[in-house]
Amino acid sequence: MLLKDFYKVISLEKNDRQKHLAIIFVNEKHEVFKGHFPGNPIMPGVCMMQIIKELTEQITESSLIMQSLTNVKFMALINPEVTPELRLELDITITDEGLVKVKNTTYFNETVALKLSSVYKKIV
């Protein structure tokens with residue numbers, strides 16, 4: 001985990017061959033929220049991207065480096081004091097070239113907070 005004690009994985013399950021569901025709990029007391037933003041904590045987008053990468057590494061049992069991001073859409077602000085539990089749906093495909101393609105939708109309650117597609121390269 002890049003940010004120590006930033007979040008905790010509550011569950012991580014495989015729904016079918018390439019679809020996974022992760023439930024995480026964000027530590028609203030983490031230091032990152034003191035600066036983003038004081039009195040109104042909001043999940044930094046780059047932290048969400050890191051969480052998706054870390055979950056994908058756990059699922060694929062590989063160290064990864066981001067190669068590209070497309071269709072990044074932040075749909076709603078995540079306030080960890082109000083909604084610390086997030087649900088991440090990950091659709092993961094590994095290509096013949098060894099690239100890891102991920103389509104993610106992140107929710108709090110029934111609200112879509114983030115949609116993105118990313119491509120990672122395995123670090124050998």
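These numbers come from the heavy atoms of this one structure, side chains and all, not from hydrogens, waters or symmetry mates.
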Is there a side chain to side chain contact (heavy atoms under 4.5 Å, CB included) between T56 and K53? Walk through the geometry before answering. CA-CA 5 Å; T56 304; K53 176 184 173 272; 5.7 Å; no

Check the hydrophobic clustering (I, L, V, M, F, W, Y; side-chain heavy atoms under 4.5 Å; chains of links allowed) and say if V72 and M43 are grouped together. yes

How is the hydrophobic cluster of F37 composed, in terms of its other members, when Ile, Leu, Val, Met, Phe, Trp and Tyr link through side-chain heavy atoms under 4.5 Å apart, directly or indirectly? I42, L77

Any chance you could measure L88, atom CG, to I51, atom CD1, to the nearest 0.5 Å? 7.0 Å

Regarding E54 and Q50, do their side chains bring together a donor and an acceptor under 3.5 Å, going by distance alone? yes

Checking E85 against I24 for the side chain to side chain contact (heavy atoms under 4.5 Å, CB included) test, could you report, in this order, the C-alpha distance in whole Å, the side-chain angles of both residues, the deciding distance, and whether it holds? CA-CA 6 Å; E85 186 175 294; I24 67 167; over 6 Å; no

Any donor-acceptor N or O pair under 3.5 Å, side chains E13, S11: no

Would you say L69 ends up clustered with F74 if hydrophobic residues are merged whenever their side chains have heavy atoms under 4.5 Å apart, either directly or through other cluster members? yes

Does L114 reach the side chain of I52, with side-chain heavy atoms less than 4.5 Å apart? yes

Co-membership, hydrophobic cluster, residues L116 and V119, 4.5 Å side-chain: no

I need the minimum non-hydrogen distance between V112 and M75, along with the two atoms involved. O-CB, 3.2 Å

Go through the steps to decide whether F33 and V26 satisfy the test side chain to side chain contact (heavy atoms under 4.5 Å, CB included), and finish with yes or no. CA-CA 11 Å; F33 296 115; V26 178; 3.8 Å; yes

Minimum heavy-atom distance P41-P80, with the two atoms named: O-CD, 3.6 Å

Atom CG of N104 and atom OG of S117: how far apart are they, to the nearest 0.5 Å? 8.5 Å

In terms of heavy-atom contacts, does CD1 of I65 have more than 12 from other residues, nucleotides or ligands at under 6.0 Å? no

Let me confirm one number: the CD1-CD distance from I78 to E28, rounded to the nearest 0.5 Å. 13.5 Å

Between the side chain of T111 and the main-chain N/O of N109, is any donor-acceptor distance below 3.5 Å? no

Roughly how far, to the nearest 0.5 Å, is the NZ atom of K121 from the CG atom of L64? 12.0 Å

Could you state the interatomic distance from OG1 (T106) to CG (L90), rounded to the nearest 0.5 Å? 7.5 Å

Would I94 and M66 show up in the same hydrophobic cluster when neighbours are defined by side-chain heavy atoms closer than 4.5 Å? yes

Steps toward side chain to side chain contact (heavy atoms under 4.5 Å, CB included) verdict (T93, V100): CA-CA 6 Å; T93 307; V100 179; over 6 Å; no

Hydrophobic cluster partners of V82 (side-chain heavy atoms under 4.5 Å): none

Counting distance only, does the side-chain N/O of N27 pair as donor-acceptor with the main-chain N or O of Y7 below 3.5 Å? no

With under 30° as parallel and over 60° as perpendicular, where do the rings of F6 and H30 fit, or are they tilted in between? perpendicular

Any pair counted as ring-ring contact (aromatic ring centres under 6.0 Å, His included), so long as it reaches residues 99-124, sequence neighbours left out: none

Do T95 and K101 have side-chain heavy atoms sitting under 4.5 Å apart? yes

From CG (L3) to CD (E31), nearest 0.5 Å: 10.5 Å

Determine whether L99 and L55 fall in the same hydrophobic cluster, where Ile, Leu, Val, Met, Phe, Trp and Tyr are linked whenever their side-chain heavy atoms lie under 4.5 Å apart. no

